Amino acid sequence: MKNNYENNSGMSLHASALSCREMILSEDYWDFILPPTRCPDNYNVPLDRICTQKMDFGYQAESVDSELLEPLTIERYWYNSIPNCYALLDMNALNAAGISAVQNYPTLQLMGENVMIGFIDTGIDYQNEVFRNVDGSTRIAAIWDQTVQSGTLPEGMQFGSEYTREEIDEALQSANPLDIVPSRDENGHGTFLASVAAGSANVENQFLGAAPESTIAVVKLKEAKKYLKDFYAIREEAVCFQENDIMLGLKYLNAAARKAGMPLVICIALGTNFGGHNGTSLLSSMLDSYSQQLNRCVVIGGGNEAAERHHYYHMFDNKNENVVAEIRVGEGISGFVTELWSALPNVVTMSITSPSGERTRQISLRQGYRYNFVFTFERTEVVVEYRLLLENNDSQLIFMRFRDPAPGIWRIHVEPLQMSEGDFHLWLPIREFLDGDVFFLEANPDTTLTEPGTGRNSITVAYYNGRDNSVDINSGRGYTRDGRIKPDFAAPGVQITGAGLNGRFVTDSSSSAATGIAAGGIALLMEWAAGQPGSRGITTSQIRNLIILGAEQRPQTKFPNKEWGYGTMNLYRTLDTLRQL
């Protein structure tokens, strides 16, 4: 919010008196995101009940006292301003990706030196040997732990604690490291991801990360607030993170790389099915902005949703067609959200039939935006919100929230009201957000890349089995809803070894594993680019084109395609091709 009472950090002076940190962390304060293109909303709330945090590229995050706000609806607050919730994308490879060859080739010997890789995830086990130099000192430049409030605030931030390289080294020499740097990774996902991308060699476990001499920076995310989990009907135990916290993490990593004077690879292994799948979410847009900066590269995992049956697609044959999308709901489901997206000028309406046959009326564009349907026999409540999102690439959204849905087959009837090339998509939540089986009976495995992997400028990675050169059945597939080619390429992601908690090594097959390998490989390319005569740096677009130039493509397979993108990453082949040009 713009006002005359802001200090240099972007926090209002009124909010400062009430502790901006407490507002950010409080369950009683709702968070919103403002892009630079949208006018601030005054919410009709006094300034001392709002905390504003500035992000890069003119974005802002605001925490507002919910007691003074109207109910949380997409009609009142604009869909994109309500922070989305993102889950973790999980849970031989270096040879398959051509990384071992460029690490060991005498005239190359690329290890990621003087390149920073940034991770926004569940934290890092900084005591693990794979994140140390030979002399035992840390390779981690900095950690911003959003969950710890007892340490020093990072510059420009209003919550969490920052731990510097010097503090981490002091902790490593201490008998009780956590007394000095009390940041830990209780989940293990962030530690695994960082090790695959940037871990040092561990001979005993035959382990080596993709960029073992790179510099590491880490943001440990705090978990999403309860009101957002309720809004998206996410199961109570699910681990998920708020979009605004991720965006603030990006600002921190960018500042850390600028302070170190290093190129930065941003590694994102988080995803969701919520959103338009056309690169217009606020997080996608911000990642695209970083991708356009010199010496900044963003790599994103495409997710694990292709085989989960969470996507439905239909192209209308004529404007009188009535389509029925059937959702199978298992026992004990507390709730779920499904989103229907279509592109204007296509406009559709819908109704819902319960397992017992009770059917709602059609939603009407003239009657308003929000409907509350109660199914008597099923004792199920369904809230339907309708919005023509002119701000979001001319899209129509119908947002449906099911509370305590009865088990059985739920039917969504979709009819066109206005049609050009009439099609629509439906998405259910990713597997991690559900507490049981919820899926479409006639699902479509395409357009299953998770957000924010549908951006325009960032790199999106699919994953495959490097042992038999087959794409993994779970790997998210393209293209984007607006028909752009994604994923860009595939990296190995099956049976990948990485660091676990308590010094152990674990094996994982997931989008996260492939994202880590790709991020490390990209760090090697950035190191190579920095060593070229007259080099001023490199962009994400140039890196993508270099990888595509050397990508391996299976015989008798058309490329690009929805499973592999332009082929499989092979860094050695990329550099060898450049040598021969």
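Please read these numbers as outputs of a predicted model, since none were measured by experiment.
By the neighbour-count criterion of 12 heavy atoms within 6.0 Å, atom CD of Glu442 is sparsely surrounded, having that number or fewer from other residues, nucleotides or ligands. The number of heavy-atom neighbours closer than 6.0 Å to CZ of Arg379, taken from other residues, nucleotides and ligands shown, is 12 or below. With a 6.0 Å radius and a threshold of 12 heavy atoms from other residues, nucleotides or ligands, Glu67 has its CD atom at or below the threshold. The local environment of CD in Glu236 is sparse, with at most 12 non-hydrogen atoms from other residues, nucleotides or ligands closer than 6.0 Å. Environment of CZ in Arg309: crowded, with over 12 heavy atoms of neighbouring residues, nucleotides or ligands closer than 6.0 Å. A 6.0 Å sphere centred on CG of Leu178 holds more than 12 heavy atoms belonging to other residues, nucleotides or ligands.
Here the rule is side chain to side chain contact (heavy atoms under 4.5 Å, CB included) with Pro405, and of Ile327, Val438, Val382, Val329 only Val329 fits it. Checked options Tyr232, Trp427, Tyr79; the residue passing with Glu339 is Tyr79 (criterion: side-chain hydrogen bond (donor to acceptor under 3.5 Å, both in side chains)). Tested against Phe399 for a ring pair (Phe, Tyr, Trp, His ring centres under 6.0 Å), the candidates Phe231, Trp341, Phe274, Tyr386 yield a single pass: Phe231.
The pair Asp65-Arg49 meets the salt-bridge criterion, since a charged nitrogen lies less than 4.0 angstrom from a carboxylate oxygen. By the 4.0 Å N-to-carboxylate-O rule, Lys225 lies too far from Glu27 to be salt-bridged with it. With respect to the salt-bridge test (charged N to carboxylate O, under 4.0 angstrom), the residues Glu385 and Arg76 do not qualify. At a threshold of 4.0 Å, the pair Asp245-Lys222 counts as salt-bridged, since one of the basic side-chain nitrogens sits closer than that to a carboxylate oxygen.
With no hydrogens or angles considered, a side-chain donor-acceptor pair links Ser512 and His189 at under 3.5 Å. There is no side-chain donor-acceptor pair under 3.5 Å between Asn346 and Gln396. Of the N and O atoms on the side chains of Asn465 and Ser470, not one donor lies less than 3.5 Å from an acceptor on the other residue. Inspection of the Tyr59 and Asn244 side chains reveals no N or O donor paired with an N or O acceptor under 3.5 Å. Side-chain atoms of Asp404 and Thr380 include no donor-acceptor pair closer than 3.5 Å. Asn84 and Glu451 share no donor-acceptor pair across their side chains, judged by distance under 3.5 Å alone. Between the side chains of Arg359 and Ser351, at least one donor N or O lies within less than 3.5 Å of an accepting N or O. With hydrogens and angles left out, the side-chain atoms of Tyr252 and Gln146 include no donor and acceptor closer than 3.5 Å.
The six-membered or imidazole ring of Phe159 lies near that of Trp144, with a centre-to-centre distance under 6.0 Å. Between Phe375 and Trp410, the distance separating the two ring centers is shorter than 6.0 angstrom. Residues Phe433 and Phe336 keep their aromatic ring centres 6.0 Å or farther apart.
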Check the pair Arg477, Glu563 against salt bridge (Lys or Arg N to Asp or Glu O under 4.0 Å), reporting the backbone distance first and the verdict last. CA-CA 5 Å; Arg477 300 183 188 180; Glu563 293 83 15; 3.8 Å; yes
Between Arg504 and Asp125, does the salt bridge (Lys or Arg N to Asp or Glu O under 4.0 Å) criterion hold? Intermediate values first, please. CA-CA 11 Å; Arg504 297 179 297 107; Asp125 179 6; over 6 Å; no
Let's go through Leu193 and Leu88 carefully: what are the C-alpha distance in whole Å and the side-chain angles of both, what is the deciding distance for side-chain contact (heavy atoms from CB on, under 4.5 Å) to 0.1 Å, and is it a yes or a no? CA-CA 11 Å; Leu193 181 68; Leu88 305 170; over 6 Å; no
Steps toward side-chain contact (heavy atoms from CB on, under 4.5 Å) verdict (Leu283, Leu287): CA-CA 6 Å; Leu283 179 56; Leu287 290 169; 4.0 Å; yes
For Tyr86 and Ile120: C-alpha separation, side-chain torsions, deciding distance, then whether side-chain contact (heavy atoms from CB on, under 4.5 Å) applies. CA-CA 11 Å; Tyr86 291 79; Ile120 303 177; over 6 Å; no
Take Leu428 and Thr338, measure what side-chain contact (heavy atoms from CB on, under 4.5 Å) needs, and give me the verdict at the end. CA-CA 5 Å; Leu428 292 164; Thr338 184; 3.8 Å; yes
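At a threshold of 4.5 Å between non-hydrogen side-chain atoms, the residues Trp78 and Pro35 count as touching.
Between Phe316 and His314, the angle of the ring planes goes over 60°, which puts this pair in the perpendicular group of the 30/60° scheme.
From Arg484, atom CZ reaches atom NE2 of His277 across 12.5 Å, with rounding to the nearest 0.5 Å.
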